[in-house]
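Both backbone and side-chain heavy atoms feed into the values below; hydrogens, waters and symmetry mates do not. We're numbering straight along the sequence, starting at 1. Because the structure is a prediction, the values reported are computed rather than measured.
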Amino acid sequence: MPLFDLHCDTLTCGPYPPSGTDIGTLDNPGRHLALRKIPAGTKWVQCFAVFVPDGIRGGDAIAFFDHWAASFHRQADACGSRLAACGSVPELEAALDAGKFGALLTVEGGAALAGRLERVQALYETGVRMMTLTWNGENELASGHDTSKGFTAFGREAVAEMERLGMVVDVSHLNDRGMEELLGFAGKPFAASHSNARAVCQHRRNLPDPFLREMIRRECLIGLTYAQPFLSSDGQGGLDDLYRHVCHLLELGAERCIALGSDYDGAGIHPELDSVEKSLGIGAYLAARGIPEKTAEDIMFGNAWRFFRKQMG
């Protein structure tokens, strides 16, 4: 089955500050995700995040983002026979039709905006099509799951500007207070690029059922992550635990909302799931466990594809 993965940290798995040479993070054989490991002919769309750590702010955050966004486009050009950086649905369709992998640039950590609203447009023009509002701590927009504050006035303005441009709002890492507030003012469906169900695994990074039900009602997108601490309470979560999260979401009515968000190269991942090649087998595994094949195909690709077609226009 084809694969649409909403989140990985592969892009920023390299040295910083820059050394003056290309980092080559997208095809490093020592990582979870490497282009050379993906079977030829695979229909695959990957969201590559510029992960901005909590300790980077202001001008430093701008420089950090600019460096890694440039690296993304440079590497995509260098791997142009296999990979295409895409900023629109027609570009994604053209890449897949040409037998290439489609790559979307995203951001993890709204500190990349440096508290400046015009930066939303700047990121969009660089190719960013989804942004995780926070990481674990507090930034200029809102607060992550290690903190207790809600949205700032700037954060609300930034969300509205993202919605205007067609940049997907991503709530993974947002704390419960922030999530409650967002549900009160968000005007468009949003995504949780790499979050699981708290009812299955009691980690504060996972989403409780009331939030999940409201996201399902709004036709949002929920990307299940392979990160072991978010799959099972013993921190050793693997394929069977991913199946448990899928079943719970299906019980809530999320057939058209479930997707995948591996968190490759950003988390500890069980050997059953630790490469794109293994991800490609998830659909067959789910079908073998009794999930209808059409539902498995939608989890693997269809739901994310429809969501981004609608949000990106």
> Given Leu133, which of Asn139, Leu113, Val169 fulfils the side-chain contact (heavy atoms from CB on, under 4.5 Å) condition?
Replying inline: Val169
>> Against Leu6, only a single residue in Leu260, Val168, Leu221 fulfils side-chain contact (heavy atoms from CB on, under 4.5 Å); can you say which?
In response: Leu221
If I compare all heavy atoms of [X] with all of [Y], which pair ends up nearest, and what's the gap?
X	Y	answer
Glu138	Thr147	N-CG2, 4.0 Å
Arg198	Arg204	NH2-O, 3.1 Å
Ala192	Leu207	CB-CD1, 3.8 Å
Val107	Ala112	CG1-CB, 4.0 Å

For [X] and [Y], which I'm curious about, is there any donor-acceptor pair between the side chains at under 3.5 Å?
X	Y	value
Asp209	His248	yes
Ser143	Asn175	no
Gln236	Ser232	no

> Would a hydrophobic clustering, with Ile, Leu, Val, Met, Phe, Trp and Tyr connected at side-chain separations under 4.5 Å, put Val45 with Met312?
Replying inline: yes
>> As an exercise, state the distance from CD of Gln75 to CG of Leu26, rounded to the nearest 0.5 Å.
In response: 4.0 Å
One thing to verify: whether [Y] and [X] come together as a salt bridge, which I'm taking to mean a side-chain N less than 4.0 angstrom from a carboxylate O.
X	Y	answer
Arg164	Glu161	yes
Glu219	Arg306	no
Arg244	Asp240	no

> Aromatic rings His194 and His7: how do their planes relate, parallel, tilted or perpendicular, breaks at 30° and 60°?
Replying inline: parallel
> Below 4.5 Å, heavy atoms only, C-beta onward: do Asp265 and Phe51 meet side chain to side chain?
Replying inline: no
>> Looking at Glu214, I'd like to know if its CD atom is crowded, meaning that more than 12 non-hydrogen atoms belonging to other residues, nucleotides or ligands lie closer than 6.0 Å.
In response: yes
